[in-house]
Amino acid sequence: MREIINMVDGLPFGTSVDKHELSHLYETKIKNMGNAGRNGGQYYTPRPLIRTMIKVMNPKIGEKIYDPACGSAGFLCEAYEYLYEKMEKTAANFEQLQDHTFFGKEKKNLAYIIGTMNMILHGIEAPNIVHTNTLGENIRDIQEKDRYDIILANPPFGGKERIEVQQNFDIKTGETAFLFMQHFIKSLKAGGRAAVVIKNTFLSNTDNASVALRQHLLETCNLHTILDMPQGTFLGAGVKTVVLFFTKGEPTKNIWYYQFDAGRNMGKTNPLNDNDLQEFIDLLATKPETEKSWNLSVADVIETTCDLSVKNPNKPEETPLREPALILEEMQTLDEETNEILGTLNELVR
């Protein structure tokens, strides 16, 4: 043991290059845990998707960024990298980035440890991550001083919360992700921005809580963009998800949908990469109508259901397969034409 300690003590971890290599190894380990579906895998969001969400949010120095279900802290670490690259390298900016920019909460013991270590390895010396059940907080107690400029999150979904936890929210539901959505809205400053991954059924569930939550989101926030992700985006989880981009403080009038299609079956051998989502970023400024994107006016949404499900009106119709009898008939016609041409050629040769 003494020998091992001495060897580890001799390893170079002091330079920024060493730290970068170590953080890369650590991220790879977390990713592998996700691929294997083992402990910690549930906390891994594909980094290309996170980086795309951050580019859309475009955070600035001085803004407070929050993830109340931070898991391995991928959103906070990538946001740190984004701001560090873009900012002017001054002492004031370094202090702002280190102490006053990134905030997270995590309930589970393992995820809390993984996330804290991940942030340290990425260069945040004293991470502002609190080990707590975010949903245990009463959203009615959230004051202006507790609010944030940007929320980036992939809340856990499919979980069930106890009745006493549900009492902390205006819209009562056992679905964990829907409680987190209420927390997000309440925790944003006026004009604050959010990018949130959520199960696509959020857009169409017909139970009272789901309908009420969609109404609340549309009334209090501008849900300007929905990014529809295909199955296979999250390795080890066969769920379809969407990313909601919204700004708090004004009601939604129009939603731009983008239906991402990688042109391949995504999985462990063909994971999501940064280039995949470049078209989405390029089109976002103008929000055009294409085969993959369309606009929906909220005035056209049925009030009683508030159904926002993904229904691409611009997708080209697939040519239906012909009946076997028609195919055989065409083959016979082609054979007759071929024989006629060959007969003509034989006459010419003679």
Side-chain angles (χ1 to χ4, degrees), residues 27 30-37 41-57 69 71-72 74-75 78 152-158 175-178 180-181 194-205 210 214 217 223-246 255-296 307-320:
E27 279 276 354
I30 298 170
K31 182 178 180 180
N32 290 340
M33 291 168 73
N35 290 352
Q42 59 188 302
Y43 315 117
Y44 187 81
T45 305
R47 296 317 185 236
L49 179 57
I50 288 178
R51 286 191 284 269
T52 296
M53 293 164 67
I54 291 169
K55 285 176 185 175
V56 175
M57 291 294 97
S72 63
F75 284 101
E78 290 293 342
L152 294 159
N154 177 12
F157 41 77
E175 169 57 61
T176 307
F178 293 1
F180 267 109
M181 277 297 298
V196 176
V197 180
I198 199 163
K199 201 172 177 181
N200 70 342
T201 51
F202 166 78
L203 301 175
S204 58
N205 280 351
S210 299
R214 288 196 296 272
L217 177 62
L223 175 62
H224 54 83
T225 303
I226 295 177
L227 171 60
D228 180 44
M229 299 301 294
Q231 203 160 351
T233 302
F234 290 82
L235 304 180
V239 296
K240 272 185 62 62
T241 56
V242 292
V243 185
L244 310 178
F245 297 90
F246 55 91
I255 304 170
W256 184 64
Y257 289 77
Y258 181 89
Q259 194 165 47
F260 169 64
D261 180 6
R264 65 183 190 277
N265 291 325
M266 289 195 299
K268 292 179 185 179
T269 55
N270 288 301
L272 189 71
N273 63 61
D274 289 280
N275 292 332
D276 284 334
L277 289 162
Q278 188 56 51
E279 183 187 65
F280 165 70
I281 295 171
D282 294 340
L283 295 179
L284 189 58
T286 55
K287 299 181 177 177
E289 295 269 337
T290 71
E291 288 185 1
K292 296 180 183 177
S293 63
W294 65 98
N295 289 277
L296 173 69
D307 189 335
L308 302 175
S309 53
V310 176
K311 298 169 186 171
N312 185 350
N314 300 334
K315 190 174 182 179
E317 288 186 18
E318 294 182 1
T319 305

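Between K240 and D228 there is a salt bridge, since at least one side-chain N of the basic residue sits less than 4.0 Å from a carboxylate O of the acidic one.
One finds the CD1 atom of I255 at 4.5 Å from the CG atom of L223 (value rounded to the nearest 0.5 Å). Expressed to the nearest 0.5 Å, how far CG of L217 lies from CG of L244 amounts to 7.0 Å. Put simply, CG on L277 and CZ on R51 are 10.5 Å apart, with the number rounded to the nearest 0.5 Å. With rounding to the nearest 0.5 angstrom, the OG1 atom of T52 is 7.0 Å from the CG atom of L272. With rounding to the nearest 0.5 angstrom, the CZ atom of F75 is 4.5 Å from the OG1 atom of T45. To the nearest 0.5 Å, atoms CG (N273) and CZ (R47) are separated by 15.5 Å.
Using cut-offs of 30° and 60° on the angle between ring planes, the pair F280 and Y258 is tilted.
Between the side chain of N314 and the backbone N or O of T290, at least one donor-acceptor pair lies under 3.5 Å.
Counting only heavy atoms from C-beta outward, the side chains of F260 and D276 approach each other to under 4.5 Å. Side-chain contact between V197 and M53 is present, with heavy atoms from C-beta onward closer than 4.5 Å. Counting heavy atoms from C-beta outward, L284 and W256 have side chains that approach closer than 4.5 Å. Counting only heavy atoms from C-beta outward, the side chains of P230 and D261 never approach each other to under 4.5 Å.
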message: For a side chain to side chain contact (heavy atoms under 4.5 Å, CB included) check, start with the C-alpha distance between I50 and L152, then their side-chain angles and the critical distance, and finish with the verdict.
response: CA-CA 8 Å; I50 288 178; L152 294 159; over 6 Å; no
Test log, rule side chain to side chain contact (heavy atoms under 4.5 Å, CB included), inputs F246 and V196: CA-CA 9 Å; F246 55 91; V196 176; 4.1 Å; yes
- prompt: Which is it for L296 and I226 under the side chain to side chain contact (heavy atoms under 4.5 Å, CB included) test, yes or no, and what are the steps along the way?
  reply: CA-CA 10 Å; L296 173 69; I226 295 177; over 6 Å; no
- prompt: Checking side chain to side chain contact (heavy atoms under 4.5 Å, CB included) for the pair Y257/V310: CA distance, chi angles, key distance, verdict?
  reply: CA-CA 8 Å; Y257 289 77; V310 176; 4.3 Å; yes
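For the residue pair K311 and S309, the shortest heavy atom distance occurs at CE-OG, 3.1 Å. Contact detail for Q259 and W294: the closest heavy-atom pair is CB-CZ3, 4.0 Å. Among all heavy-atom pairs drawn from F157 and T241, the shortest one is CZ-CG2, 4.2 Å.
Sorted by first and then second residue, the salt bridge (Lys or Arg N to Asp or Glu O under 4.0 Å) pairs with a member in residues 282-294 read E279-K292; sequence neighbours excluded.
L49 pairs in a side-chain contact (heavy atoms from CB on, under 4.5 Å) with only one of the listed residues (I54, L227, D274), which is L227.
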